[in-house]
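Here's the structure we're looking at; comments come further down.
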Amino acid sequence: MQSSNGRPRAGGGGHESPAGRPGSPDPALAEASGTVRYDDPWYDALASGWGEPAGPGVPAPAAPSRTRDSAAADVYLEVQRSAAFQEVRGRYRRFVVPAVVVFFSWYVVYVVAATSAPELMARPVAGAVNVAMLAGLAQFLTTFLLTWAYARHARVRRDRAALELRWDTQEMARGAGGGAA
């Protein structure tokens, strides 16, 4: 398995030693032990073992500090104000807001019909299958369709722009001295 920066993960993606993590107290120990050092600031900290014991009798390493250098904070504020970031957020909102309104409306119509029009919902369609059963199954179907549509929209309309923005931000943070060295 490989990390997002293209380097192979040590041991197939399991826990690394505390010395191999960014911000660890002894980078020389990481090189001596043969562990991989990750420079990607978006590497999933929880999945890499921070805050978990490295073995029996070994204290858990401290999580990296949440405070950011002011230069790095300026980079993130600059990115947040950028047109590229606003475009990604706008694309997200243009899909999510109407989708939530439509899906929630459909759900409310189903619940209201089930409570206020039981004779309609009890009307048989085919054998023992009635309108309420079909509407309930349609709720599941629309949930899966909405999930598929969201994933497709993200893949087609947002993922590439978000990835480019991510790497631009990482490079800017490194240039400002706020990223991993």
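Scanning both residues, Trp106 and Ala138, for their nearest heavy atoms gives CZ2-CB, 3.7 Å. In this structure, Asn130 and Val125 approach most closely via the heavy-atom pair C-CG2, 3.8 Å. Smallest separation of non-hydrogen atoms from Ala161 and Val88: CB-CG2, 3.7 Å.
Under the 4.0 Å criterion applied to side-chain N and carboxylate O atoms, Glu119 and Arg123 are not assigned as salt-bridge partners.
Cluster membership for Met133 and Met121, using ILVMFWY side-chain heavy atoms within less than 4.5 angstrom, is shared. Val111 is connected to Val131 through a chain of hydrophobic side-chain contacts under 4.5 Å among Ile, Leu, Val, Met, Phe, Trp and Tyr, so both are in one cluster. Under the 4.5 Å side-chain heavy-atom criterion for ILVMFWY residues, no single connected hydrophobic cluster contains both Val102 and Phe95. Taking hydrophobic clusters as Ile, Leu, Val, Met, Phe, Trp and Tyr residues chained together by side-chain heavy-atom distances below 4.5 Å, Val112 shares a cluster with Phe104. The hydrophobic clustering, which links ILVMFWY residues whose side-chain heavy atoms are closer than 4.5 Å, places Tyr107 and Leu120 apart.
Using cut-offs of 30° and 60° on the angle between ring planes, the pair Tyr150 and Tyr92 is perpendicular.
Legend: salt bridge (charged side-chain N to carboxylate O under 4.0 Å, His left out) pairs involving residues 144-165, not counting sequence neighbours: none detected.
Under the 4.5 Å side-chain criterion, counting only non-hydrogen atoms from C-beta, Phe85 is not in contact with Glu78.
Note that CG of Leu145 and CZ of Phe140 are 13.5 Å apart. Values are rounded to the nearest 0.5 Å. Rounding to the nearest 0.5 Å gives a distance of 11.0 Å between CG of Leu146 and CG of Leu141. Glu87 contributes atom CD, which lies 11.5 Å from atom CG of Leu165 (distance to the nearest 0.5 angstrom).
Remark: Glu171 engages Arg174 in a salt bridge (charged side-chain N to carboxylate O under 4.0 Å, His left out) (not counting sequence neighbours). Annotation: side chain to side chain contact (heavy atoms under 4.5 Å, CB included) contacts of Leu163 (sequence neighbours excluded): Arg166, Trp167.
With Gln80 contributing its side chain and Gln86 its backbone, the two residues share no donor-acceptor pair below 3.5 Å.
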